[in-house]
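In what follows, a single structure is set out as structure tokens and then discussed.
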Amino acid sequence: MVKTERMQADDADPTPSSAWLIGLAAWFVPGIGHVLVAKWGRALLMGGSVWLCFFSGRAMGGHLFDLSTEQGRFSLLQIPPVIGDVGSGLLYIVSWLLGWGFADDPQQAARVTYEAGTYFLIVAGLLNYLTMLDAFDIAVGRKP
Amino acid sequence: MMLYAGLASVVFGAMAKDTTRERVLYGVKVFAEFMVIGLILSWVLYFIP
């Protein structure tokens, strides 16, 4: 199917609401979107990668970002890493509710793996955005 | 770096291409690219004070 035909087909068939719900579920619990569309292998590989990446980051002592305003106008610099961290969905929300990884602890920051852990946490969220989009595309029928 | 490259290449490989063989090859290619570029950048940064 050429691109114009595909665009016309997309116009004719509106996105089903179940696809949006699957996308939302995929963001909330990494891997669950693919479980809902019965793609077990992808759920294990992609969701598992996100979970492993997140817990590796936590084990390294990585820092999670929130939109606290303690640093004045420099708080704006926290927006990009927050967008990355929030991608982890439930993992981020539970950590936020329990206060895991959000404190500015000098001992934690002194760890050799602190920086790498922080990037692992951000990458976990970004990978989950990709996982979410993949589950959404499958639910819509754009991908097999 | 290997763990990061492995996790990222698994996700990239799983969501790309059409057949399983193409996905595996793409994942391996992405992993190799991460490693090679990471090592080159590491050596470049090593010589920069």
Side-chain angles (χ1 to χ4, degrees), chain A residues 1 22-23 26-27 30-31 33-35 37 39-60 62 84 87-88 91 112-113 115-144, chain B:
Chain A
M1 193 184 291
I22 286 169
W27 164 77
H34 288 92
V35 170
V37 293
K39 295 285 181 185
W40 307 101
R42 284 192 195 195
L44 189 67
L45 283 174
M46 298 176 85
S49 295
V50 173
W51 284 80
L52 186 59
C53 197
F54 185 88
F55 284 113
S56 300
R58 287 295 300 127
M60 291 180 200
S88 300
L91 296 167
V112 177
T113 55
E115 291 284 339
T118 300
Y119 293 126
F120 264 71
L121 292 171
I122 294 171
V123 167
L126 297 177
L127 289 178
N128 196 38
Y129 285 132
L130 289 176
T131 305
M132 180 184 77
L133 290 173
D134 192 61
F136 179 80
D137 280 346
I138 293 169
V140 171
R142 289 187 195 135
K143 290 181 84 171
Chain B
M1 187 174 79
M2 283 183 72
L3 179 62
Y4 163 74
L7 294 171
S9 58
V10 162
V11 174
F12 285 2
M15 68 181 295
K17 311 292 180 183
D18 294 322
T19 65
T20 305
R21 186 173 180 276
E22 285 176 330
R23 285 182 187 139
V24 171
L25 285 175
Y26 183 70
V28 170
K29 186 180 149 198
V30 170
F31 179 78
E33 285 172 353
F34 269 127
M35 293 302 294
V36 169
I37 292 170
L39 286 171
I40 290 170
L41 279 178
S42 303
W43 277 106
V44 168
L45 292 172
Y46 177 75
F47 290 110
I48 296 175

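In what follows, every chain begins at residue 1, and chains take the letters A, B, ... in the order their sequences are listed.
- A:L45 contributes atom CG, which lies 13.0 Å from atom CE of B:M15 (distance to the nearest 0.5 angstrom).
- For the atom pair CG (B:L3) and CZ (A:F120), the distance works out to 4.0 Å, reported to the nearest 0.5 Å.
- In this structure, the portion of A:K143 lying under 4.5 Å from any heavy atom of chain B is its side chain and not its backbone.
- With rounding to the nearest 0.5 Å, the separation of CG in A:L127 from CG in B:L7 is 7.5 Å.
- Around atom CZ of B:F34, more than 12 heavy atoms belonging to other residues, nucleotides or ligands sit under 6.0 Å away.
- Atom OH of B:Y26 has 12 or fewer heavy atoms from other residues, nucleotides or ligands within 6.0 Å.
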